[in-house]
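One structure is given here, and the rest of the page talks about it.
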Amino acid sequence: MKLREIKKLITLRNRTKKAIQTVDDSRAKAKRKIPRAVWDFIDGGAGEEHAITANRDSLNKVVFQPKYLVDVSKPDTSLTIFGKPVSNPLILSPSGLATLAHPTGEVATARAAHELGAVFCLSTGSGNSIEEVGEQSQGRLWFQLYLWKSQEVIDSLIQRAKNSGYEALIVTVDVPVVGKRERDLRNGMSLPVTIRPGQYLHYLSRPKWLSGIVKNPAITFGNLTTVTSGGDASSIGQYVNNELNDPSKTWDDLKRIRRNWDGPLLVKGIMHPEDAKTAESIGVDGIIVSNHGGRQFSSVPGIATVFPQIRDAVSDTVEVFFDGGIRRGEDIVKAHALGASAACSGRCWYWGLAADGEQGVKDVLEILNQETKDTLSLIGQRKLSDVGAHNLYLP
Ligand SMILES: Cc1cc2nc3c(=O)[nH]c(=O)nc-3n(C[C@H](O)[C@H](O)[C@H](O)COP(=O)(O)O)c2cc1C
């Protein structure tokens, strides 16, 4: 082959080569763009972080038994969740303070989710407020609530979510105390964001992130500015530390919320079949099987390990969601094969946002959707909604 032809081939290859081919590529890009302390906040988990590994390991143990010569020319990933259609079968798990990853934060993420046909869940601890996200996204929005000490704060957050048209309410129950995230403690990760003297050089090596912070200095919990007397990041940070976790909360608190919320109610952080049964008896519409992405407690099983047990514990009228360790389209299909109504992911979208803002979230959602379609074709199943245990290799 002549040199000119080789050069032509290389140019063609470079043009078709996209830097972000997988969620892991997006993760690697995010790591290059944000400071270490922010990276650790997103990537890290509680204690020795075994639960993060367990989530991945449990998914890796699930394998398919493919069938061939089925017409899979038009793989279909559309789903119906709470009676409404979803074209991109991913729920973007509530993950707080997205404005730390990128100044456009949750607003950009919600827009990307809408454009790509996915559902966005806003965390109580979001950087952008319930109202900002509600006004700026036309897509499906769910709101996640922590069981604050103050009943007044709970009621007011629920009311604000109602006023802004959020469709579903998720109550996260796996934070009786805040998990010990040791990387965050060592990095002094707190609100307001403070840069310690020893970290100056490192932060300077992330100039784009720094300039975003300078333009958007008040990184704070957008929903809580009106709740605290000071309203500034420092008093809010202190407020959250004091008020977020209330170890005395019980199922009675969930009953009260059920009476106060007419739309779909989900409970997030369920790891035990008996809790799933109790939640159903209270009248929840959905259960999110989750260990908080390993951010609360290290010594718990991976989600794919406990999921079938929990799915079996409740009736078919309850939608059961898979949350933890999803990194590829294959994982989404595995979640469905284990009986999930849909898969949820926190870190995937967060990495996309940190890597490239709104476009980065879209990239990640597109990649996951294409991989999901390819997996359907490769296992010989045309529709994601038809996937089940029959697609798995069960020795
Ligand atoms: C940076 C970050 C912040 C999070 N904040 C919240 C939160 O405010 N509320 C909540 O219920 N879960 C929160 N989570 C947990 C996610 O909702 C989800 O359970 C977890 O990310 C799933 O695991 P995955 O990251 O492997 O997908 C957070 C996760 C991350 C990565």
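Every number for a ligand or one of its atoms is a count from 1 in the order of the listing.
Every atom of ligand 1 is numbered from 1 in the order shown, and the set under 4.0 Å from a heavy atom of Lys268 is 10 (C), 11 (O), 12 (N), 15 (C), 16 (C), 17 (O), 18 (C), 19 (O). Close contacts of ligand 1 with Ser290, meaning ligand atoms under 4.0 Å from a residue heavy atom, involve 19 (O). Atoms of ligand 1 found under 4.0 Å from any heavy atom of Arg327 (numbered from 1 in listed order, with element): 24 (P), 26 (O), 27 (O). Close approach to Ser345 involves these atoms of ligand 1, each under 4.0 Å from a residue heavy atom: 27 (O).
Cation-pi check for Arg140 over Phe82 is not met; the charged atom does not lie both under 6.0 angstrom from the ring centroid and within 45 degrees of its normal.
A salt bridge does not link Lys29 with Asp25: none of the charged nitrogens is closer than 4.0 Å to a carboxylate oxygen. Salt-bridge formation is detected for the pair Arg27/Asp43: a Lys NZ or Arg NE/NH1/NH2 atom is positioned less than 4.0 Å from an Asp or Glu carboxylate oxygen.
The OG atom of Ser126 lies 8.0 Å from the CG atom of Leu97; values are rounded to the nearest 0.5 Å. Here OG1 of Thr250 is found 12.0 Å from CZ of Arg256. Values are rounded to the nearest 0.5 Å. Atom-to-atom distance recorded for Arg183:CZ and Ile42:CD1 is 10.5 Å, nearest 0.5 angstrom. The distance from atom NZ of Lys334 to atom CG of Leu392, rounded to the nearest 0.5 Å, is 9.0 Å.
Ranking the protein heavy atoms by distance from atom 23 (O) of ligand 1 puts Gly293 CA, 3.2 Å first. At the top of the distance list for atom 15 (C) of ligand 1, counting protein heavy atoms only, stands His292 CD2, 3.5 Å. Counting only heavy atoms of the protein, atom 9 (N) of ligand 1 lies nearest to Tyr146 OH, 2.8 Å. In terms of protein heavy-atom proximity, atom 5 (N) of ligand 1 is nearest to Gly96 N, 2.9 Å. In this structure, the protein non-hydrogen atom closest to atom 13 (C) of ligand 1 is Pro94 O, 2.9 Å. Residue, atom and distance of the protein heavy atom nearest to atom 11 (O) of ligand 1 are Thr172 OG1, 2.8 Å. In this structure, the protein non-hydrogen atom closest to atom 4 (C) of ligand 1 is Ser95 CA, 3.3 Å. When hydrogens are left out, the protein atom nearest atom 19 (O) of ligand 1 is Asp323 OD2, 2.5 Å; that is the closest non-hydrogen contact.
The environment of CD in Glu131 is crowded: more than 12 heavy-atom neighbours from other residues, nucleotides or ligands sit within 6.0 Å.
Inspection of the Ser93 and Ser95 side chains reveals no N or O donor paired with an N or O acceptor under 3.5 Å.
Ligand 1 has no nitrogen or oxygen under 3.5 angstrom from a nitrogen or oxygen of Tyr350. Considering backbone and side-chain N/O atoms, Phe41 never comes within less than 3.5 Å of an N/O atom of ligand 1. In terms of polar-atom proximity, Gln144 is counted as a contact of ligand 1, with an N or O under 3.5 Å from an N or O of the ligand. The shortest N or O to N or O distance between Arg295 and ligand 1 is not under 3.5 Å. Considering backbone and side-chain atoms together, Ile326 places no N or O closer than 3.5 Å to any N or O of ligand 1.
Between Pro103 and Thr99 there is no side-chain heavy-atom pair separated by less than 4.5 Å.
For atom 21 (O) of ligand 1, the nearest non-hydrogen atom from the set Gly44, Cys344, Gly346 comes from Gly346.
Looking only at distances, a side-chain donor or acceptor of Arg56 sits under 3.5 Å from a matching main-chain atom of Gly325.
Under the 4.5 Å side-chain heavy-atom criterion for ILVMFWY residues, no single connected hydrophobic cluster contains both Ile20 and Leu353.
Under 4.0 Å from ligand 1, the heavy atoms of Ser123 that appear belong solely to its side chain.
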